[in-house]
Protein chains: 2
Amino acid sequence: MATETGPGPQVPLNRQRVLRAAVSVADARGIESLTMRSLAEALGVEAMSLYYHVANKEAILDGVVEVIMGEIDEAVNRADVPAAEDGWKTALRARILAARGVLLRHPWAPGVFGTRTTTSLAVVRYFDAVVGVLRAGGFSYDLIHHALHALGSRALGFTQELFEPANNDGDDDAATEMLEQLVDQVPYVVEMMGEVAHDDPDSTLGWCDDQVEFEFGLDLILDGLERLRATA
Amino acid sequence: MATETGPGPQVPLNRQRVLRAAVSVADARGIESLTMRSLAEALGVEAMSLYYHVANKEAILDGVVEVIMGEIDEAVNRADVPAAEDGWKTALRARILAARGVLLRHPWAPGVFGTRTTTSLAVVRYFDAVVGVLRAGGFSYDLIHHALHALGSRALGFTQELFEPANNDGDDDAATEMLEQLVDQVPYVVEMMGEVAHDDPDSTLGWCDDQVEFEFGLDLILDGLERLRATA
DNA sequence: ACCTGAACACCGTTCAAGT
DNA sequence: ACCTGAACACCGTTCAAGT
């Protein structure tokens, strides 16, 4: 719970504690407030001490990816169903939704994944397991290769949300009003929102159920892959 | 071509010139070197002058998105095929591939799109046109809504490339060697790469044809949507 | 109306120095 | 072995001041 407590380092710092504290800081105060100085403060240490344990901030972000991937591995191991019994689609779906559960607890993580330039071994290992599931399901490597590209980051449980952090501060009325003034600029979108909102009286401008939509897109891709596999 | 030439501002600066110069700087030297000071220098002006024309750097990045979306609109208008004649799938596919062509010229742009918190009107207008194409193709708004989520950023021609900027500096041998030492850690990936490389002797570690893979994923989704539309 | 200089708070990082 | 203080180059930004 607490990122660190007490005065200064009774026990010497190490790389693992630095990385875990970085995740905690990002969780608690957002990734943009993760600085060498704020991280050091959370650890009860001076900023310069961090450089004894990690090369620089980039290395910290690389390490943060490893920590998150470790959490994903844990979640998958807890949730995964055997591929042989229920088929590849069920197994892969469960794996991806488990990964998604982890990333929902670290909403800043997808952005960090996107900024890494060197390929993380932990990420490759994750994809290796995905390839294994598909292989056990009878896919050719050629189709598996295409499949990985089709899934993209969805294989890790996230998608690039283009409209995500809209300020949903309860002012749905103001937002609706604004949209009404845009009727001539985006007529189809306005009509769509009106109709879907009408079908589901509970839905307002925050009308998208992220989980439902993620599963819709995931199933669309998985179903398409199953069709290709069966006719290959 | 030149971002600006000559000494200082003969003609007064304005918002449009600031934004276009920002795109030029990002194209030429990368998004990370787009700073208020470097942008000002490219415009032959002091950094503080920029604040007369834009609120702050965030506003510049918002404006950059508008500029890019303008280029996409141009490209789409040049390339788009009428929806009525060739069907919605052909029209949407052409539209998305036109957008992709623009983003390939600005490889830093997807990252900027990802960082924007306020929703860009230009982006919403683009998606409005996508909704229009699907609507003309006989989709229900409910299915269109799901479709937008399934497409995600792919509707704009990009995907979150998790393994993109690998240092492809000709040292494929070294990379292959490294991978061979990982055989026990990622056996399926190694086997996959060996087999696909064997099928196509030209392909090495830079073995993925981005355009081919993008179109594969796009078609997978579009074909799945067509099936859902037809059976609805 | 449009641009600038000086200054501020904040970054990541280096390096010699402490214990 | 592990941590620190002082310093550096670089950010975005404010504000009063220039023309």
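In what follows, every heavy atom counts, from backbone to side chain, and hydrogens, waters and symmetry copies are set aside. Letters go in sequence order (proteins before strands), and every chain restarts at 1.
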Let me see the working for A:E46 and A:R37 under salt bridge (Lys or Arg N to Asp or Glu O under 4.0 Å), right down to the final yes or no. CA-CA 7 Å; A:E46 295 299 317; A:R37 285 167 172 85; over 6 Å; no

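- A:I60 has its CD1 atom 12 Å from the C1' atom of C:dT13, to the nearest Å.
- Proximity note for B:M48 (side chain, C-beta onward) versus C:dC15, D:dT14, C:dC3: the nearest is D:dT14.
- Taking atom CZ of residue B:R15 and atom C1' of nucleotide C:dC2, one finds them 18 Å apart after rounding to whole Å.
- Atom CD of B:E215 has more than 12 neighbouring heavy atoms from other residues, nucleotides or ligands inside a 6.0 Å radius.
- What separates CG of B:L43 from P of C:dC2 is a distance of 15 Å, to the nearest Å.
- Taking CZ from A:F216 and CD1 from A:I221, the interatomic distance works out to 10.5 Å, rounded to the nearest 0.5 Å.
- B:R100 forms no cation-pi arrangement with B:F158, by the criterion of a distance under 6.0 Å to the ring centre and an angle within 45° of the ring axis.
- Across the protein-nucleic acid pair, A:K57 atom NZ and D:dC10 atom P stand 18 Å apart, rounded to whole Å.
- As the counterpart of D:dA1, C:dT19 is assigned, both hydrogen-bonding distances of the Watson-Crick or G-U wobble pattern falling under 3.5 Å.
- Relative to the side chain of A:Y51, the nucleotides C:dA7, D:dC3, C:dG12 differ in distance, and C:dG12 lies closest.
- Nearest to the side-chain atoms of A:Y52 among the listed nucleotides D:dT13, D:dC3, C:dG5 stands D:dC3.
- A:M36 has its CE atom 19 Å from the P atom of D:dC11, to the nearest Å.
- In terms of position on DNA chain D, the residue among A:L50 and A:R37 whose nearest nucleotide sits closer to the 5' end is A:L50.
- In this structure, A:H53 reaches the D:dC3 phosphate: one of its side-chain N or O atoms is under 4.0 Å from OP1 or OP2.
- For D:dT4, one of the phosphate oxygens OP1 or OP2 lies less than 4.0 angstrom from a side-chain nitrogen or oxygen of A:S49.
- Counting to the nearest Å, the C1' atom of C:dC11 and the CG atom of A:L34 are 12 Å from each other.
- With both pairing distances under 3.5 Å, D:dA6 is matched to C:dT14 as a Watson-Crick or G-U wobble pair.
- Atom CD in A:E32 sits roughly 16 Å away from atom C1' in D:dC11 (whole-Å rounding).
- No more than 12 heavy-atom neighbours from other residues, nucleotides or ligands sit within 6.0 angstrom of OH on B:Y188.
- Closest to the side chain of B:P12, out of C:dC2, C:dT4, D:dC3, is C:dC2.
- Across the protein-nucleic acid pair, B:E41 atom CD and D:dC10 atom P stand 12 Å apart, rounded to whole Å.
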